[in-house]
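A short write-up of the structure that comes next.
The figures that follow rest on heavy atoms only: side chains count, while hydrogens, waters and symmetry mates do not.
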Amino acid sequence: MAASSNSSLSGSSLSSVYQLQQEAPRPKRITCPQEMESRPKYYGREFHGVISRDYADELLVGTEGAYLIRESQRQPGTCTLALRFGHQTLNYRLFYDGKHFVGEKRFESVHDLVTDALITLYIETKAAEYIAKMTTNPIYEHLGYTSLLKDKMVHRLSRGRTEPRRVTFQRDEKISSPLVRRSALKDMPEKQCSYEKIHNFKVHTFRGPHWCEYCANFMWGLIAQGVRCSDCGLNVHKQCSKLVPSDCQPDLRRIKKVFSCDLTTLVKAHNATRPMVVDMCIREIELRGMKSEGLYRVSGFSEHIEDVRLAFDRDGEKADISASAYADINIIAGALKLYFRDLPIPVITFDLYSKFIQAAKLPNAESRLEAIHEGLLQLPPAHYETLRYLMAHLKRVTMFEKYNLMNAENLGIVFGPTLMQPPEQNALTTLNDMRQQKLVVQLIIEHEDVLF
């Protein structure tokens, strides 16, 4: 019977699975004839108290979709959902934490849980072969929502960003300093210029019939039928989400704020090379703040910095951060530092944190720079480009040290813990690593022309 259903599905329309959902058995509650004093308040008359599996089977036999709840004989206080399907009684451990569940999905009522279970069981029985094959010929590459954007994105990125280059560090005999001032470039770049972003899928309940945007098949079930990308809105089956390429193109309408937003998500949503916060703040600082004493070290008023954050979150690139709005340049510098501190994934990412810390501990200066350079090449493209732009700016800040009193070491102290944070938020780890954090940023500033 299942095989014939599979074969008929293969040549039918995309609504075949939807039709199967309509044909699935309906739940039929088997009520207990007497009032059960031990019945939990979140169950109804379907609760039968302590009864055996065999007796539950007798009560359910002959009625597809029939169900009841019984208390376990072996484990008092735990409940089992007994459900009749496929001419047999299926037993599931039943849980309640404000909602009813036997697996990942949570339901407001036991009736809804059973309805969803019957739909899933029926479709998986009638169309098992079809479901197994439905991801083998996806429509995504042909009709996928990102296909129209792909050419434009590639063109923009090829114009907007310099590819990372692999550098070999050598000691220059004409220079007394042991640090590097000469680099030899390899012919081929190590890293392709592309701003890939994985989808941010979350379980979603769709109202009304929905079809997967990867395989074009119906998304069955009563609730939590699939997943939706919270950044771009792509709707797919949970099993299809594992096959979707890393090509999320965030929708600006779904990006609620600028601060605290994932860096790659923000730049892709705005079709930019770097976050506009970084570009605008650095532009303003270089316009009127390069000679400001203690630049980046001196704090601006926290209330005004918060105002700048709100302005970016509300107005985006139209935010007014000019001298007429904020005369104190330290407010703009403080807002830039706050932006980096609030990133959910730091500019120097969590997974590369230990690599940079270990690089800073190397005793040999050239080996240290080689290791830092290796780490930079492994950064996500948007993080790499943002860091490159920031370091070039900070290098220019050091050129005004006579006025602002900020050299590379001072800036390393300020930006070390801002740009890199340990994966585990451990105060002791952060304290122990402060020297290395400072040194990493200091070296990148001093050698930004070679490292990028």
Side-chain angles (χ1 to χ4, degrees), residues 14 17 103-106 131-132 134-157 160-161 191-221 223-276 316 342-347 349-352 378-386 423:
L14 295 176
V17 180
E104 292 182 355
K105 294 185 180 182
R106 274 142 169 87
I131 292 170
M134 69 185 187
T135 59
T136 58
N137 186 29
I139 64 160
Y140 189 79
E141 287 299 320
H142 311 294
L143 304 176
Y145 82 110
T146 56
S147 57
L148 295 177
L149 296 170
K150 191 175 297 183
D151 290 341
K152 182 169 71 173
M153 288 295 293
V154 170
H155 176 66
R156 178 189 62 74
L157 290 171
R161 177 173 177 268
K191 206 170 186 178
Q192 294 299 315
C193 177
S194 63
Y195 279 55
E196 286 190 351
K197 180 189 178 308
I198 61 173
H199 291 270
N200 186 16
F201 286 120
K202 295 181 179 177
V203 175
H204 189 78
T205 294
F206 298 94
R207 305 301 176 191
H210 267 72
W211 277 260
C212 175
E213 294 175 47
Y214 181 80
C215 69
N217 288 285
F218 179 65
M219 301 170 74
W220 61 88
I223 69 165
Q225 303 95 331
V227 294
R228 168 176 286 174
C229 177
S230 58
D231 294 332
C232 69
L234 182 69
N235 302 316
V236 296
H237 290 110
K238 185 177 179 181
Q239 60 267 41
C240 290
S241 69
K242 301 171 184 175
L243 304 173
V244 175
S246 300
D247 60 355
C248 176
Q249 177 58 42
D251 186 341
L252 267 176
R253 293 171 296 180
R254 296 177 178 275
I255 306 301
K256 306 299 183 185
K257 52 189 177 180
V258 173
F259 278 64
S260 302
C261 177
D262 173 68
L263 198 155
T264 302
T265 299
L266 187 67
V267 297
K268 290 206 72 173
H270 286 271
N271 199 27
T273 307
R274 294 173 300 276
M276 97 282 284
D342 278 2
L343 286 173
I345 301 175
V347 176
T349 56
F350 290 127
D351 58 334
L352 290 173
Q378 295 177 44
L379 286 172
H383 288 243
Y384 177 95
E385 177 58 29
T386 301

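Considering OG of S230 and CG of D251, their distance stands at 11.5 Å, rounded to 0.5 Å. Annotation: the span from N271 atom CG to L252 atom CG amounts to 9.5 Å, rounded to 0.5 Å. Atom SG of C212 sits about 12.5 Å away from atom CD of Q225, to the nearest 0.5 Å. Between the CD1 atom in I223 and the CZ atom in F206 there is a gap of 12.5 Å [rounded to 0.5 Å]. Taking SG from C248 and CG from L234, the interatomic distance works out to 8.0 Å, rounded to the nearest 0.5 Å.
Contact detail for W211 and A216: the closest heavy-atom pair is CD1-O, 3.4 Å. Minimum interatomic distance between W220 and Q239 (heavy atoms only, all atoms of both residues): CH2-NE2, 4.0 Å. Considering all non-hydrogen atoms of both residues, S246 and E196 come closest at O-CB, 3.7 Å. The shortest non-hydrogen separation linking K105 to A224 is CE-O, 3.2 Å. Residues R254 and C229 approach most closely at NH1-O, 4.4 Å, considering heavy atoms.
Listed by first then second residue, pairs satisfying salt bridge (Lys or Arg N to Asp or Glu O under 4.0 Å) with a partner in residues 223-236 read K197-D231, not counting sequence neighbours. Note on residues 200-209: no pairs pass salt bridge (Lys or Arg N to Asp or Glu O under 4.0 Å), not counting sequence neighbours.
In this structure, the side chains of F201 and V236 come closer than 4.5 Å at one or more pairs of heavy atoms. Side-chain contact between P275 and T386 is present, with heavy atoms from C-beta onward closer than 4.5 Å. In this structure, H199 and C232 have side chains that are in contact, with non-hydrogen atoms separated by less than 4.5 Å. By the 4.5 Å heavy-atom criterion applied to side chains, D262 and I345 are counted as neighbours. Using a 4.5 Å heavy-atom threshold, the side chains of H270 and M276 count as touching.
Remark: K242 pairs with no residue by the salt bridge (charged side-chain N to carboxylate O under 4.0 Å, His left out) rule, at least two apart or across chains.
Of the candidates H204, E213, H210, E213 is the only one forming a side chain to side chain donor-acceptor pair (under 3.5 Å) with N235.
The backbone N or O of T264 sits nowhere less than 3.5 Å from a side-chain atom of H383 that would complete a donor-acceptor pair.
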